[in-house]
Amino acid sequence: MKITGSHKHDATTDGLIEMDSIAIAANSSTLRDIAKFLNDAANEMDKLGNDFDHIHLMDLWPQWQDNFADILVLSEKYN
């Protein structure tokens with residue numbers, strides 16, 4: 001497992017930065033929605049196998065807002 005991210009206001013960074021930890025500040029409902037997204041992404045990985053590439057929370061979550069950070073689940077090939 002590798003966790004990467006980007007800084008919200010840094011347009012000069014090329015690519016993603018590897019993180020050693022993350023913090024999520026959210027209410028319990030949002031955390032449950034994120035947990036469901038991660039579980040659904042794992043199911044999609046199992047279903048697609050090597051054809052799985054990535055999936056975005058922002059594309060699937062009806063409560064998405066433009067000021068939220070996106071969460072991407074990437075294939076292990078990006079590890």
Side-chain angles (χ1 to χ4, degrees):
M1 178 177 84
K2 179 167 67 171
I3 297 174
T4 59
S6 60
H7 190 277
K8 185 174 186 171
H9 301 291
D10 186 358
T12 63
T13 300
D14 185 28
L16 299 174
I17 303 163
E18 189 165 0
M19 314 295 246
D20 64 1
S21 67
I22 60 172
I24 300 172
N27 63 38
S28 61
S29 176
T30 298
L31 289 176
R32 285 185 185 90
D33 288 346
I34 291 169
K36 181 182 181 318
F37 164 74
L38 293 173
N39 193 52
D40 290 349
N43 290 337
E44 190 73 4
M45 286 177 132
D46 290 341
K47 177 181 163 187
L48 295 177
N50 290 336
D51 291 332
F52 180 85
D53 191 75
H54 71 280
I55 193 166
H56 292 258
L57 174 67
M58 68 184 291
D59 293 338
L60 300 175
W61 189 33
Q63 289 80 10
W64 175 258
Q65 296 178 23
D66 287 338
N67 63 328
F68 289 169
D70 193 14
I71 297 175
L72 289 81
V73 173
L74 305 175
S75 166
E76 282 188 312
K77 64 186 168 193
Y78 296 103
N79 200 359

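Values below: all heavy atoms of this structure, side chains included; hydrogens, waters and symmetry mates excluded.
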Residues at least two apart in sequence or cross-chain that pass side-chain hydrogen bond (donor to acceptor under 3.5 Å, both in side chains) with Ser6, listed by chain then number, are none
The side chain to side chain contact (heavy atoms under 4.5 Å, CB included) partners of Asn50 (sequence neighbours excluded) come to none
For Thr4 and Met19 the tightest heavy-atom approach is C-CG, 3.9 Å
So salt bridge (Lys or Arg N to Asp or Glu O under 4.0 Å) across residues 26-44, not counting sequence neighbours, yields Lys36-Asp40
So side-chain hydrogen bond (donor to acceptor under 3.5 Å, both in side chains) across residues 66-79, not counting sequence neighbours, yields Asp53-Lys77, Asp53-Tyr78, His56-Asp70
Here the gap from Glu18 atom CD to Leu16 atom CG, rounded to the nearest 0.5 Å, amounts to 10.5 Å
Same cluster or not: are Leu57 and Leu72 linked, directly or through other Ile, Leu, Val, Met, Phe, Trp or Tyr residues, by side-chain heavy atoms under 4.5 angstrom apart? no
side-chain hydrogen bond (donor to acceptor under 3.5 Å, both in side chains) filter on Gln63, not counting sequence neighbours, yields Trp61
One should read off an interatomic distance between Asn39 CG and Ile34 CD1, to the nearest 0.5 angstrom, of 13.5 Å
Minimal heavy-atom distance between Phe37 and Leu60, with the atoms involved, is CE1-CD1, 4.1 Å
Across all chains, not counting sequence neighbours, the side-chain hydrogen bond (donor to acceptor under 3.5 Å, both in side chains) partners of Asp46 are none
Value for CD1 (Ile3) from CG (Leu74), rounded to nearest 0.5 Å, stands at 11.0 Å
Residues at least two apart in sequence or cross-chain that pass side chain to side chain contact (heavy atoms under 4.5 Å, CB included) with Ala69, listed by chain then number, are none
To the nearest 0.5 Å, atom CD1 of Ile55 lies from atom CG of Leu48 at 8.5 Å
